[in-house]
Amino acid sequence: MSGMRRAQPRAHGAGALASSPWVVVATGVLVMVVLLIVALASYRSRGPAFEAGPADPAPTYSLPGSGETDRAPVAANLPEPAVPGLTPRRTDPLPVELPVVGGDPSGGGGAVPPPADPPPADGGAAPAPAPTTPPPAAPAPPAPPSSPMTGRFSVLDSWNNEAFIGEVLLRNRDRVARPWTVRLVPPAGSRLVTSWVEGAPQGSSRMSGGVFTYTSGVNVAPGATVPLRFHFENTGGSIRPSRCTVDGVACSGL
């Protein structure tokens, strides 16, 4: 029929997409989201928080005694930063526990007992401790040699056993001249009147603690004899001493 309009054919393909306004809007939004993601990723990788700052200047140290500062940088031994999940390497020595001497570790002050011997593996009796050997005794000092000077006691005169004059005849049996010392213990309560050496230079005498001591004034020649005489009174009825020695050797005649 000539009076009727023919129906327009519908667009297909790219033309249909271009003619749809919501498709264009969705495509623009998608492109903007992608650009935003790319921009954020670029900002985070190049941001100021992740940029490496300038390295700190190395410290300088003064040499002792020089008065000048060494301008060469010296690397300081700084500890490495700890990484999560990793244990830093320990460089200081581990503490060593020392045994306590003279007291228990708890502070009680008692002695630490020695460790006990472990029991034998076969279940038998524990071995007996080895016997301790006492140290050898020190040898006795040698006896002093006998003096070559000898003495013989005799009474020359007495008065009712209350006083007497005695004598010690000294003889030198050595080949050289020798000095001598006589010690005599008279009866208790006695009083020394005088003492002398007959026919020889005089020595020195003293009475102390009930002991009479006479030291020679001149050496006795080899093979010679010298008489030492002394006068005691108030002897209490006795005219003999209780002890007489010449250079530590007992006199004869008592």
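Not measured: the values here are computed from a predicted model.
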Would you call F232 and L192 a side-chain contact if the rule is heavy atoms closer than 4.5 Å?
yes
Hey, is the main chain of I165 close enough, under 3.5 Å, to the side chain of D157 for a donor-acceptor pair?
no
When rounded to the nearest 0.5 angstrom, what distance separates CG in L169 from CZ in R229?
9.0 Å
When rounded to the nearest 0.5 Å, the distance separating CG of L170 from SG of C251 is 7.5 Å
Using modelled atom types and a 3.5 Å cut-off, is there a donor and acceptor pairing between side-chain atoms of S158 and backbone atoms of N161?
no
Tell me the closest heavy-atom pair linking P241 and P187, and the distance in Å.
CA-CD, 4.4 Å
How close do L228 and W180 get, counting heavy atoms only, and between which atoms?
CD2-CZ3, 4.2 Å
Can you give me the closest heavy-atom contact between F230 and E167, atom names plus distance?
CZ-N, 3.9 Å
For a 4.5 angstrom cut-off between non-hydrogen side-chain atoms, does V249 reach T150?
no
Verify the cluster assignment for V197 and M207: are they in a single hydrophobic cluster under the rule of side-chain heavy atoms below 4.5 Å apart?
yes
Is any side-chain heavy atom of S190 closer than 4.5 Å to a side-chain heavy atom of N234?
no
If hydrophobic clusters are built by linking Ile, Leu, Val, Met, Phe, Trp and Tyr wherever their side-chain heavy atoms come under 4.5 Å apart, do W196 and L156 end up in the same one?
yes
To the nearest 0.5 Å, atom CE of M149 lies from atom CG of N219 at 9.0 Å
Distance-minimising heavy-atom pair for P186 and G210
CD-O, 3.5 Å
Counting only N and O atoms by type, is there a donor-acceptor contact under 3.5 Å from the side chain of D174 to the main-chain atoms of P148?
no
CZ of R243: more than 12 outside heavy atoms within 6.0 angstrom?
no
In terms of heavy-atom contacts, does CZ of R183 have more than 12 from other residues, nucleotides or ligands at under 6.0 Å?
no
CZ (R178) with more than 12 external heavy atoms under 6.0 Å:
yes
So which heavy atom on V185 is nearest to which on V211, and how close?
CG2-CG2, 4.2 Å
Distance-minimising heavy-atom pair for S147 and D247
OG-OD2, 3.3 Å
4.5 Å side-chain heavy-atom contact, V168 and Y214
no
Verify same cluster id: V218, V182 (apolar side-chain graph, 4.5 Å)
no
If you group Ile, Leu, Val, Met, Phe, Trp and Tyr by side-chain heavy-atom gaps below 4.5 Å, do V193 and F212 land in one group?
no
